[in-house]
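This report refers to the structure that appears directly beneath it.
Reminder, nothing fancy here: chain letters follow the sequence lines and each chain counts from 1. Values reported hereafter were calculated over all heavy atoms of this structure, with side chains retained and with hydrogens, waters and symmetry mates removed.
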Amino acid sequence: MSEKQENATPGSSLEAARREKLRRIAELGHDPWGQRFDHHQAIADIIARAGEIVYRTEDGQEITPPAVGDSRDEQGAYLLADGQGTFREWLAKQPKGEFAGPKVRAAGRIMLQRPTGKLIFINIRDWTGQIQLFIGKNQVGEDNWALAQCFDLGDLIGVDGELRRTKTGELTIFAEKLYFHAKAIDPPPEKHHGLTDPELRQRMRYLDLAYTEGVLERFLARTRIVQSIRKTLADAGFVEIEGPTLHTIAGGAAARPFITHHNALDMQLYLRIALELHLKRLLVGGIERVYELGRVYRNEGISPRHNPEFTMLEVYQAYGDYRTMMDLTEQLVVNAIDATGSPTRMLPWGDKTIDFTPPFARRTYYELFEEHTGVDPHDADAVKAYAEKLGLETAGKHPDVIRNEVFEEKVEDQLEGPVFVLDYPAGICPLTKRKQSDPTIAERFELFVQGMELANAYTELNDPDLQEELFRTQLAGLKEEDSMARMDHDFVKALRQGMPPAGGLGIGIDRLVMLLTNSPSIREVILFPLLREKSS
RNA sequence: GAGGCUGUAGCUCAGUCGGCAGAGCAACGGACUUUUAAUCCGUAGGUCCUGGGUUCGAGUCCCAGCAGCCUCACCA
């Protein structure tokens, strides 16, 4: 690192200053890259101990200070929670004394520093919250004070101290001993705005998490949502499995796969585009309630709602059907909302509000079609004429395909939801059981929210002969790569051993997290979305 | 894949009609023992995304490219 210094350009003077402090920290006898730090408390837990703080007067009287609110006056003094003046005013009315509070130990990143002579206020943040430190030269002694002179924004530090309030009422750790955990050699983003450049936010997600308001909380919310889903399913008796991600046939959905190659077997393989067909094999094997929550890969365009790799949940329940899955979907969504800590099921979405209070609306595909187009969906000629009026290509296409293209064009965007769209035309559902009363209708629903497809569920087709036939009869107008009817003999062979009638459900987890965290772009809920390689 | 917008100091952003490259934060030096994006005084910091072109002169105009965002296409 010393050789590095000589060609230090003016632009790296910020780094040079930080490296100089790094050197001084070592000189003071501290490991600038830190050591194990046992028994520190989460900042949120420390904040929760505010009630233990007392005001001790000189004559030995202990007074419990009043509850402090969140807002401050122009002088920086906190307003009391009851609205009766400021903390500073309350303090002025008390007899002489001082605060006493619990001893605490915290660790975190330096977010703000306010040095005022022989006194420094520092705000540190950990993954639970933020708190102010008070470091007084006389209070901490020469050694700690010298160490504090080496602190930069972004450094990771530790502190032992007493939790008290300043005279403005701010909850503060009054430092007694300081520790150094790691130096930020590169300077952090602007302290007030954080990172705003969307490219930097994604390429340097670690900075985004550390410095952009709400980002860490959003990703932790994602984790809680996923945990909630696993718990809901476990409580309902489902077991989680891990299927293969390398497939010999990219089945179960209609999407272009990523292609890869296994050298030893000299075999072309595909990254999975869906979880469906292996989970159904497990139904045959007797795992009656089974799910997988994992990554799938689709070699398609990137948009605010699409990332090439995304997370899918697929659930299968033997002896259920698509209506069983509707109930389960509501349960999963509602529990996930509760898991985010939201007190309500009315969630904000941009300037709108989404009402996730169950039961969600249930509408049939055909009635929604007629409602939004004014065309009788059973009248193939009328639908075709309408499609052509919309400028859709109809030549050589199956009527079900044409009708569905119109549905996607005119209906889906209009579905604010949450709404279950049910009973799809059988022709576009090659993996779905047909209605007993009407074989042209498939027992399928999709859940739409704000024009986004959030979930997709079937009563699963378990007739091996019909399944083989549907794989074989490619729908007119669909290229094989655009169809989910991709022949999989091994899967048909599994069905021939008898798969129980079952309900199956797929939920796009990223989209669920988007909706539940008011995030308009899928990139806001994927830690490391795919970006082009950046040269230099 | 097509169109639009954006790219200037470590970060957040100005930059007029083409005429010496600007601010805030961060950094460095100084003052300050209850601050709140601390304040005050001073200093330093630039591949104006890249490459061409027009021009006496380009951050600014033109062309090409790169990257990001948005819309569309694609993708249930």
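Searching all strands for a Watson-Crick or G-U wobble partner of B/C17 with both distances below 3.5 Å returns nothing. A 3.5 Å limit on both hydrogen-bonding distances identifies B/G10 as the Watson-Crick or G-U partner of B/C25. A 3.5 Å limit on both hydrogen-bonding distances identifies B/G53 as the Watson-Crick or G-U partner of B/C61. Under the Watson-Crick and G-U wobble criteria, each requiring two contacts below 3.5 Å, nucleotide B/U36 is left unpaired. Using Watson-Crick or G-U wobble geometry with both donor-acceptor distances under 3.5 Å, B/U71 finds its partner in B/A2.
Residue A/Asp73 contributes atom CG, which lies 14 Å from atom C1' of B/U34 at whole-angstrom precision. For the pair A/Glu15 CD and B/C11 P, the interatomic distance rounds to 14 Å; values are reported in whole Å. Distance CG (A/Leu79) to P (B/U36): 15 Å, rounded to an integer number of Å. Atom pair A/Ile273:CD1 and B/C75:C1' shows a separation of 11 Å (rounding to whole Å applied). Spacing between atom CZ of A/Arg305 and atom C1' of B/C69 amounts to 16 Å, rounded to whole angstrom units.
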Open item on the list: salt bridge (Lys or Arg N to Asp or Glu O under 4.0 Å) for A/Glu330 and A/Arg362? Distances and angles first, verdict last.
Closed with: CA-CA 12 Å; A/Glu330 285 175 345; A/Arg362 286 153 166 77; 3.0 Å; yes
- [ ] For side-chain contact (heavy atoms from CB on, under 4.5 Å), just list the numbers for A/Leu313 and A/Leu332, CA-CA rounded to whole Å, side-chain angles, deciding distance to a tenth of an Å, and then say yes or no.
- [x] CA-CA 11 Å; A/Leu313 167 72; A/Leu332 285 164; 4.2 Å; yes
- [ ] Using the side-chain contact (heavy atoms from CB on, under 4.5 Å) rule, take A/Arg125 and A/Ile43 through it: C-alpha gap first, then chi angles, then the decisive distance, then the call.
- [x] CA-CA 8 Å; A/Arg125 182 190 181 197; A/Ile43 288 173; 5.6 Å; no
Open item on the list: Go through it in stages, so that I can follow the logic: the residues are A/Glu412 and A/Val421, the test is side-chain contact (heavy atoms from CB on, under 4.5 Å), and I'd like the CA-CA distance, side-chain angles, deciding distance and then a yes or no.
Closed with: CA-CA 10 Å; A/Glu412 288 189 356; A/Val421 178; over 6 Å; no
TODO: Report the C-alpha separation of A/Phe121 and A/Leu112 in whole Å, then their side-chain angles, then the decisive distance to 0.1 Å, and conclude whether the side-chain contact (heavy atoms from CB on, under 4.5 Å) test is met.
DONE: CA-CA 8 Å; A/Phe121 290 94; A/Leu112 292 172; over 6 Å; no
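The aromatic rings of A/Phe445 and A/Phe420 stand perpendicular to each other, their planes meeting at an angle above 60°, with 30° marking the opposite boundary.
Here the side chain of A/Leu14 is nearest to one of B/C11, B/A27, B/A67, namely B/A27. Of all nucleotides listed (B/U34, B/C70, B/G68), B/U34 comes nearest to the side chain of A/Phe174. Here the nucleotide nearest the side chain of A/Gln132, chosen from B/C28, B/G68, B/U36, is B/U36. Here the nucleotide nearest the side chain of A/Arg256, chosen from B/C28, B/C75, B/G68, is B/C75. In this structure, of B/C69, B/C11, B/U34, it is B/C69 that holds the atom nearest to the side chain of A/Pro198. Closest contact between the side chain of A/Pro187 and the listed nucleotides B/G10, B/A67, B/U35 involves B/G10.
Between B/G4 and B/U43, the two C1' atoms lie 43 Å apart (nearest whole Å). For the C1' atom pair drawn from B/G15 and B/C28, the interatomic distance equals 27 Å after rounding to whole Å. Nucleotides B/G19 and B/C11 are separated by 27 Å at their P atoms, to the nearest Å.
Contacts of A/Leu195 with the nucleic acid, taken as non-hydrogen atoms under 4.0 Å apart, involve only primed sugar atoms and P, OP1 or OP2. A/Gly136 comes within 4.0 angstrom of nothing in the nucleic acid, heavy atoms only.
When each of A/Asn307, A/Leu515, A/Val525 is checked for a side-chain contact (heavy atoms from CB on, under 4.5 Å) with A/Asp510, only A/Val525 meets the rule.
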Please list, for nucleotides 6-9 of chain B, all pairs of protein and nucleotide N/O atoms separated by less than 3.5 Å.
none

Nucleotide N/O to protein N/O under 3.5 Å, stretch nucleotides 37-40 of chain B:
unit_1 : atom_1 : unit_2   : atom_2 : d
B/A37  : OP2    : A/Arg72  : NH2    : 2.9
B/A37  : O3'    : A/Lys191 : NZ     : 3.3
B/A38  : OP1    : A/Lys191 : NZ     : 2.6
B/A38  : OP2    : A/Arg114 : NH1    : 2.8
B/A38  : N7     : A/Pro115 : O      : 3.1
B/A38  : N6     : A/Pro115 : O      : 3.1

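The six-membered or imidazole ring of A/Tyr458 lies away from that of A/Tyr322, with a centre-to-centre distance of 6.0 Å or more. Residues A/Tyr78 and A/Phe87 place their aromatic rings such that the two centres sit no closer than 6.0 Å.
Considering all non-hydrogen atoms of both residues, A/Glu533 and A/Arg203 come closest at C-NH1, 4.5 Å.
A/Glu170 contributes no side-chain N or O that forms a donor-acceptor pair with the base of B/U34 under 3.5 Å. Counting atom types as modelled, A/Thr166 pairs a side-chain N or O with a base atom of B/U35 as donor and acceptor under 3.5 Å. Checked by distance alone, A/Thr168 brings a side-chain donor or acceptor within 3.5 Å of a matching partner on the base of B/U36.
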